[in-house]
Amino acid sequence: MSVYLDNNATTPVDPAALKAMLPYFTEHFHNPSGAYAASKTAAAAVGKARGQVAQLLHCKPSEVVFTSGGTESDITAIDSALNCYRAKNHVVTCSTEHPAVLEPLATRSRFGVEVTTVGVTPGGQIDLDQLRAAVRPGKTALVSVMWANNETGVINPVHEIAEIAASAGAFFHSDAVQAVGKIPTNLPASGIHYASVSAHKLHGPKGIGALFVSEKARFFPALEGGGQESGRRSGTENVPGIVGLGTAAAIAFQHLQDHPTDPVATLRDHLVSSLQTNLTGVHLNGDPAHITPNTASVRFDGCDAAGLLLLLDRAGVACSAGSACHTGSAKPSGILTAMGIPAAGARTTLRLSLSRFTTAADIDLAITAITSSVEKMRSLRPSS
Ligand code: PLP
C-alpha cells in the first residue's frame with residue numbers, strides 16, 4: 001500500500017471529472033467555433049464549465065478566461081498589467097512567490113521593468129508595512145502576491161493587500177493556485193483584479209487552468225490569434241480539459257459548502273500532533289492560524305530531508321522536501337529562508353500535503369513510516 005502526501009505538487013483527477021471529460025475526446029470532439037450543431041454541444045460544455053468555475057470563485061462567468069494552467073495565468077496577468085499601463089513600469093511582488101511569478105518578473109526586470117520584492121514575517125505572511133512602503137502611486141502597475149503558498153500553505157491577507165494596491169492605483173494579481181478549492185475564494189469581495197487557477201491542484205486534469213479577470217480590470221491578451229475566449233486567449237479550446245476543470249470546480253464548491261470545518265484539516269492536524277508526540281524536535285513552519293487545511297511543512301531536527309525522502313519512498317510514502325521543483329536540489333528552499341529559517345533547518349523540512357482523497361488509514365501509515373524513518377536517520381548521525 002502506498003500513501004500519497006504530495007497533493008500540492010499535483011492531485012489525482014476526481015473520477016467524476018474524468019467521466020465528464022471522456023465524451024469530449026470522442027463523440028463530442030468538435031471545435032466549439034464550428035457552425036454546425038455538433039459544435040454547439042462542445043461550446044455548451046465550455047459555457048457550463050465557465051459557470052462552474054465562476055461559482056467556485058463567486059464571480060461572473062464573463063470574468064473567467066480559460067488558460068493552459070497556473071503558469072500561463074500568472075504570466076498573462078503580469079504582462080496584461082504592464083501592457084495596459086505603459087507609463088508605469090514598476091511591479092511589487094513577494095519573496096515567497098512561485099517561480100511562475102518570480103522568473104517572468106526577473107526576465108522583465110532585464111528589459112526595463114522595475115521590480116520590488118517585499119519580505120515576509122516569520123509566520124510566512126507578506127510584511128504589510130514593507131508592502132505599504134514599496135508601492136509607488138502613479139508608478140506601480142501591479143502588485144502580485146499569492147493567496148496561499150505552495151510549500152507552507154501560508155495564507156496571505158488578500159483584503160489588506162488589495163487595499164494597499166488600490167491606494168497606489170495599481171492592479172492586484174494573486175496566484176490563487178494553492179487556495180482555490182481549499183479555502184473559500186470570493187474573488188469580487190477580495191479586491192483582486194487577476195487571479196490564477198490551476199485544475200490539477202484541485203482534482204482536475206493537468207494542462208488546463210483559468211485566469212479570473214475582474215470586470216473592474218483592464219486586460220491585454222498574451223495569446224492573440226483566432227480570438228477564442230472573447231479575444232482574451234486565442235487557441236482552440238481544450239474542451240475535455242475545460243470540462244474536467246469545471247467538474248472539479250463544482251465538486252470543490254460542494255465540498256466547501258458541505259464542510260465549514262474541513263475534515264482534511266483534522267487529518268493534517270492529527271498527523272502533525274502525532275509526529276510531535278512520537279518524536280522530539282518536530283516543528284511546523286508557518287503560522288498555524290493561517291495555513292491551508294491540507295498542508296504541513298515540517299522540520300525534523302537533525303534529519304536531512306533528501307535522505308528522509310528516500311527512506312519514505314521505500315516505505316511507500318510519497319511527499320516532498322520543499323516544493324517539488326526543489327526536490328533533488330541541494331539549495332535550501334528560498335521560501336523557508338525568506339521566513340528566517342536558517343538554511344540548515346530548511347534542509348530538514350518535509351512538505352506533507354493531503355487531499356480529500358487522503359484517508360485516516362493513510363495518515364496512520366504515514367505517522368508510522370515517518371516516525372521510524374526519522375528515528376533511523378537520527379540513529380545514523382555521527383554524533384549519536
Ligand atoms: N503557482 C503555484 C503557487 C503553484 O503551486 C504552481 C504549481 O506548482 C503553479 C503556479 C504552476 O501551475 P501549473 O502547473 O498549472 O502551471
Side-chain angles (χ1 to χ4, degrees), residues 4-13 17 53 56-57 64-79 93-106 120 124-126 144-156 158 161 173-183 185 192 194-212 222-223 233 235 238 241-242 244-246 248-249 252 286 290-297 318-329 333-336 338-339 351-355:
Y4 182 68
L5 293 181
D6 203 16
N7 288 278
N8 283 10
T10 196
T11 57
V13 175
V53 174
L56 181 60
L57 304 182
V64 175
V65 178
F66 290 115
T67 66
S68 66
T71 302
E72 184 188 321
S73 294
D74 284 346
I75 207 164
T76 301
I78 290 167
D79 283 347
T93 190
C94 181
S95 52
T96 54
E97 290 299 305
H98 192 272
V101 166
L102 292 179
E103 291 301 321
L105 285 177
V120 294
Q125 287 187 313
I126 188 167
S144 180
V145 179
M146 70 199 332
W147 198 320
N149 187 269
N150 44 301
E151 282 189 33
T152 58
V154 170
I155 300 166
N156 271 316
V158 287
I161 297 166
H173 162 244
S174 190
D175 178 333
V177 162
Q178 296 287 351
V180 170
K182 295 177 185 167
I183 56 172
T185 45
I192 291 171
Y194 309 112
S196 307
V197 179
S198 175
H200 75 101
K201 309 290 185 177
L202 60 128
H203 303 290
K206 294 167 185 59
I208 185 75
L211 180 66
F212 161 79
L223 297 188
R233 200 276 188 182
N238 171 1
I242 289 170
L245 168 57
H290 302 287
I291 295 183
T292 46
N294 78 315
T295 307
S297 167
C319 57
S320 69
S323 76
C325 43
H326 292 151
T327 302
S329 142
S333 151
I335 291 170
L336 299 177
M339 289 162 65
R351 178 184 69 177
L352 307 164
S353 50
L354 292 66
S355 81

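Whatever order the structure lists ligands and atoms in, that order sets their numbers, starting from 1.
- Within the 3.5 Å criterion, the main-chain N or O of W147 finds a donor-acceptor partner in the side chain of S174.
- When hydrogens are left out, the protein atom nearest atom 13 (P) of ligand 1 is G70 N, 3.5 Å; that is the closest non-hydrogen contact.
- Listed by number with element, the atoms of ligand 1 under 4.0 Å from a non-hydrogen atom of G69 are 15 (O).
- Distance from atom 8 (O) of ligand 1 to its nearest protein heavy atom, with residue and atom name: K201 NZ, 2.6 Å.
- Looking only at heavy atoms of the protein, atom 6 (C) of ligand 1 is closest to H98 NE2, 3.4 Å.
- Closest protein heavy atom to atom 10 (C) of ligand 1: D175 OD2, 3.4 Å.
- Nearest approach of R351 to D6, heavy atoms of both residues: NH2-OD1, 3.1 Å.
- Shortest contact from atom 5 (O) of ligand 1 to any protein heavy atom: Q178 NE2, 2.8 Å.
- Counting only N and O atoms by type, the side chains of S333 and E151 include a donor and acceptor under 3.5 Å apart.
- Distance alone, capped at 3.5 Å, is enough to place a donor-acceptor pair between the N7 side chain and the S353 backbone.
- At a 3.5 angstrom cut-off on N or O pairs, N8 does not count as close to ligand 1.
- Taking only nitrogen or oxygen atoms, main chain and side chain alike, N150 does not reach within less than 3.5 Å of ligand 1.
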### Message
Using the rule given for side chain to side chain contact (heavy atoms under 4.5 Å, CB included), can you reason through N149 versus E97, listing the C-alpha separation, both sets of side-chain angles and the distance that settles it, and then say yes or no?
### Response
CA-CA 7 Å; N149 187 269; E97 290 299 305; over 6 Å; no
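- Using a distance-only test at 3.5 Å, with no hydrogens or angles considered, a donor-acceptor pair links the side chain of Q178 to the main chain of N8.
- Between M146 and ligand 1, a contact under 3.5 Å exists for no N or O pair.
- Side chain of T185 to main chain of V180: no donor-acceptor pair is present (N/O by atom type, distance under 3.5 Å, no hydrogens or angles).
- The OG1 atom of T67 sits 9.0 Å away from atom CG of L223, with the distance rounded to the nearest 0.5 Å.
- Here is the list of ligand 1 atoms found below 4.0 Å of a heavy atom in S198: 13 (P), 15 (O).
- Near H200, with a cut-off below 4.0 Å to any heavy atom, the atoms of ligand 1 are 13 (P), 14 (O), 15 (O).
- Counting only distance, with no hydrogens or angles, the side chain of K182 and the backbone of P293 share no donor-acceptor pair below 3.5 Å.
- For the ligand labelled ligand 1, residue E97 lies outside the 4.0 Å heavy-atom shell.
- The distance criterion of under 3.5 Å between nitrogen or oxygen atoms is met by T71 with respect to ligand 1.
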